[in-house]
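Right, one structure below, let's go through it.
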Amino acid sequence: MIRILPSRARLAGLGLAFAAVTIAALAITVLLDLDRDATVHREVILAQGDKDELHALRAHLLELRSAARLAARTGEPGAFRLIERRAVDTENELARLEKRADEGADLPGIAALASTSRMLVMHARSVEGMRVAHGAEMAIVLAQRAEALSVEAGGALDAVLASVTQRINERTERQLEVGERLRRYITGLLVVAAAVLGALYVGYRRVQSREREAQRRIEYLAHFDTVTGLPNRALLADRLAQELARARRASQPFAVLLFDLDGFKEVNDTWGHAAGDKVLSLVGERARKCVRASDTVGRLGGDEFLAILPETAEPGAVGVADKLREALREPYLLEGATARLSASVGVSLHPTHGEDAESLQRAADAALYTAKRDGKDKTRVAPAPRESASARRSAA
C-alpha cells in the first residue's frame with residue numbers, strides 16, 4: 001500500500017523546520033525593530049537637544065531686547081555691557097544651531113531665524129553709538145526697532161520649534177508603533193516555541209522600559225527645568241492660569257513673586273557655567289523649602305524665578321519673599337570655591353495689580369526692577385494701579 005500521508009517522523013521534521021523558519025523570521029524582525037527603535041530613540045534625544053537650544057536662544061533674544069531697551073532709556077554703562085554679553089550669547093547659540101543644521105538636523109526656517117536674530121543683535125549693539133551721536137530719543141527709536149525684530153525673530157523661532165516638536169511627536173509615535181509590533185511578535189513566539197519566549201520577553205521588556213523612559217523624559221523636559229528640577233516656563237504658565245481661575249471662583253487673593261540672583265553673571269564668568277548650574281540647582285532646593293506644598297516655584301530662564309502663592313495677601317507674600325532672600329543669601333559651596341549672592345524680589349497681588357497672568361507678571365517685573373534700582377537684595381511690592389495714577393497726577 002502506497003503511503004499517501006507522511007510518517008510521524010516526517011511530520012515532526014516538517015513541523016520542526018517550520019517552527020525553526022518561523023522563529024528565525026520573527027527573531028530577524030524583532031532585531032530589525034529593536035534597531036529601528038534605537039535609531040528613533042537617538043533621533044528623539046537629538047531633537048530634544050535642538051528644542052533645548054531653541055529655548056535657550058529665545059531667552060537670549062528676550063534678554064538682549066530688554067538690555068537694548070534699558071540702555072536706550074538710561075544710558076548706563078552697565079546696560080551697554082549687558083547688551084554685548086547677550087549679543088555674544090545669541091551669536092554663540094545661533095552658531096550651534098546652524099552647525100546642527102549643517103550636520104543634517106531637520107531645522108526648517110533656521111536661516112530666516114538666524115538672519116532676523118543677527119539683525120536684532122546689530123540693532124542692539126548700535127544703541128550706544130546712536131545715543132552718543134543723536135541722543136536718547138533716537139536711541140529709543142532704535143531700541144523699538146530692535147523690539148520689533150525681537151517679535152519677528154520670536155515668530156521665526158516659534159515656526160522652527162513647531163517643526164522640531166512635530167518631529168519629536170512623530171518619532172515618539174514611531175516608538176510606540178515599534179513597541180506594539182514587538183508585543184505581537186512576542187505573542188506569536190509564545191505559540192510557536194515556548195523555549196524562545198524567555199529571551200524575546202527580556203528584549204521586549206528592555207524596549208518597553210526604554211520606551212517608557214523616553215516618554216517620561218519627554219514629559220519631564222516639556223514641563224520641568226533640567227538644571228533645578230523646578231517647573232519651567234510652560235508649566236508655570238499653566239499653574240498661573242489654574243490659580244487665576246480658582247481665585248476668580250473663590251474671590252480669594254493670591255500673590256506672584258518674581259525674583260532673580262544679584263551677581264549671578266559673575267559666577268558664570270569666574271567659575272564657569274558648571275558652577276552656575278550648581279548655584280541654580282541649590283537655588284531650586286532652597287526655594288522649595290521656603291514655600292508651602294500648595295505653592296508653586298519655578299524657573300523662567302537664566303537666573304529668573306517665579307513663585308505663585310495661593311490664598312496669600314501682601315503681608316504673607318512679603319514674608320515669603322524675605323524668607324527667600326534670607327535663604328538665597330547663604331553661601332554657595334562650589335568645587336574649590338564659595339560664592340556669595342543675594343536676591344531681589346518683586347511682588348504683585350491678585351486682583352490688586354491685575355486680573356490676568358500678563359498684568360501680574362508685568363507688575364512683579366516692575367517691582368523687581370525697583371528692587372534692583374534701590375540697591376538689590378530688596379523686596380518690593382508693586383504699587384496699586386490707582387496709587388500709580390495718583391502719583392502721576394501729583395507729579396504733574
Side-chain angles (χ1 to χ4, degrees), residues 66 225 227-233 235-237 239-244 246-247 252-265 267 279-332 339-388 391:
S66 299
D225 175 55
V227 176
T228 63
L230 297 175
N232 63 11
R233 183 184 294 270
L235 185 54
L236 282 171
R239 295 277 177 85
L240 186 53
Q242 292 180 22
E243 185 55 30
L244 279 165
R246 188 204 62 78
Q252 292 180 332
F254 72 91
V256 173
L257 274 58
L258 187 64
F259 62 97
D260 67 7
L261 302 177
D262 304 323
F264 177 72
K265 180 62 177 176
V267 173
V279 167
L280 292 174
S281 176
L282 291 171
V283 168
E285 293 177 8
R286 296 179 187 181
R288 274 191 292 263
K289 294 177 182 177
C290 293
V291 298
R292 303 165 298 182
S294 59
D295 300 334
T296 298
V297 60
R299 182 187 177 199
L300 291 174
D303 63 328
E304 192 173 40
F305 297 81
L306 182 78
I308 305 168
L309 312 180
E311 301 179 18
T312 303
E314 182 175 333
V318 171
V320 173
D322 291 341
K323 186 178 179 182
L324 272 169
R325 290 194 300 106
E326 182 180 354
L328 300 182
R329 206 182 295 121
E330 293 292 325
Y332 296 84
R340 296 183 181 277
L341 305 172
S342 60
S344 299
V345 187
V347 179
S348 64
L349 301 161
H350 176 276
T352 304
H353 301 116
E355 297 188 2
D356 59 73
E358 183 179 355
S359 299
L360 290 169
Q361 287 185 257
R362 187 166 54 244
D365 186 57
L368 174 60
Y369 176 76
T370 301
K372 293 281 190 183
R373 186 186 59 198
D374 291 348
K376 302 180 180 180
D377 194 15
K378 299 286 190 304
T379 297
R380 292 291 181 264
V381 179
R386 58 178 177 275
E387 294 175 358
S388 298

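This one's a predicted model, so the numbers in the text were calculated from it and none came from an experiment. All values below come from the heavy atoms of this structure, side chains included, with hydrogens, waters and symmetry mates left out.
Between F305 and L258 the shortest heavy-atom distance is O-CD1, 3.3 Å. Taking each heavy atom of E355 and H350 in turn, the nearest pair found is CA-CD2, 3.7 Å. The two atoms that bring A382 and A363 nearest to each other are CB-O, 3.5 Å, heavy atoms only. Of all heavy-atom pairs between L360 and S348, the closest is O-OG, 2.8 Å. Nearest heavy-atom pair across A317 and T312 is N-CG2, 3.4 Å. Considering every non-hydrogen atom in both A371 and K378, the closest pair reads CB-O, 3.6 Å.
Remark: R239 pairs with T296 by the side chain to side chain donor-acceptor pair (under 3.5 Å) rule, at least two apart or across chains. With sequence neighbours excluded, the residues that form a side chain to side chain contact (heavy atoms under 4.5 Å, CB included) with P331 are T338, R340. Partners of A313 by side chain to side chain contact (heavy atoms under 4.5 Å, CB included), not counting sequence neighbours, listed by chain and number: P315. By the side chain to side chain contact (heavy atoms under 4.5 Å, CB included) test, R288 is found to be paired with L230, E285, V297, residues two or more places apart in sequence or in another chain being considered. For N232, the side chain to side chain contact (heavy atoms under 4.5 Å, CB included) partners are A234, L235, not counting sequence neighbours. Residues meeting the side chain to side chain donor-acceptor pair (under 3.5 Å) test with S294, sequence neighbours left out: none.
In summary, D365 and R362 do not engage in a salt bridge, as defined by a charged side-chain N under 4.0 Å from a carboxylate O. A salt bridge does not link K376 with D262: none of the charged nitrogens is closer than 4.0 Å to a carboxylate oxygen. Note on R233 versus E304: no salt bridge recorded, every NZ/NE/NH1/NH2 to OD/OE distance being 4.0 Å or above.
Looking only at side-chain heavy atoms (C-beta outward), L240 and Q361 come within less than 4.5 Å of each other. At least one side-chain heavy atom of R246 sits under 4.5 Å from a side-chain heavy atom of Q252. Residues R292 and L309 form a side-chain contact, since some pair of their non-hydrogen atoms from C-beta on lies under 4.5 Å apart. Counting heavy atoms from C-beta on, the side chains of P253 and E314 never come closer than 4.5 Å. Looking at heavy atoms from C-beta onward, E243 lies out of side-chain contact with V256 at the 4.5 angstrom threshold.
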Might you work through the side-chain contact (heavy atoms from CB on, under 4.5 Å) test for F264 and V283, ending with a clear yes or no?
CA-CA 11 Å; F264 177 72; V283 168; over 6 Å; no
Candidate pair F254 and L244, rule side-chain contact (heavy atoms from CB on, under 4.5 Å), full reasoning:
CA-CA 8 Å; F254 72 91; L244 279 165; 3.7 Å; yes
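Residue L341 holds its CG atom at 5.5 Å from OH of Y332, rounded to the nearest 0.5 Å. To the nearest 0.5 angstrom, L306 atom CG is 12.0 Å from D260 atom CG. Taken to the nearest 0.5 Å, the CG atom of L300 stands 10.0 Å off from the CG atom of D225. Here the OG1 atom belonging to T228 is positioned 12.0 Å from the CG atom belonging to D303, to the nearest 0.5 angstrom. To the nearest 0.5 Å, atom NZ of residue K323 and atom SG of residue C290 are 5.5 Å apart. Taking CG of L280 as the reference point, atom CG of L261 lies at 6.5 Å (rounded to 0.5 Å).
For E326, the CD atom counts as loosely surrounded, since its 6.0 Å shell holds 12 or fewer non-hydrogen atoms of other residues, nucleotides or ligands.
Put simply, the side chain of T370 gets close to the backbone of A366: a donor and an acceptor are under 3.5 Å apart. In this structure a side-chain-to-backbone donor-acceptor pair under 3.5 Å is present from R286 to A327. Judged purely by atom type and a 3.5 angstrom limit, D377 has no side-chain atom pairing as donor or acceptor with the backbone of S342.
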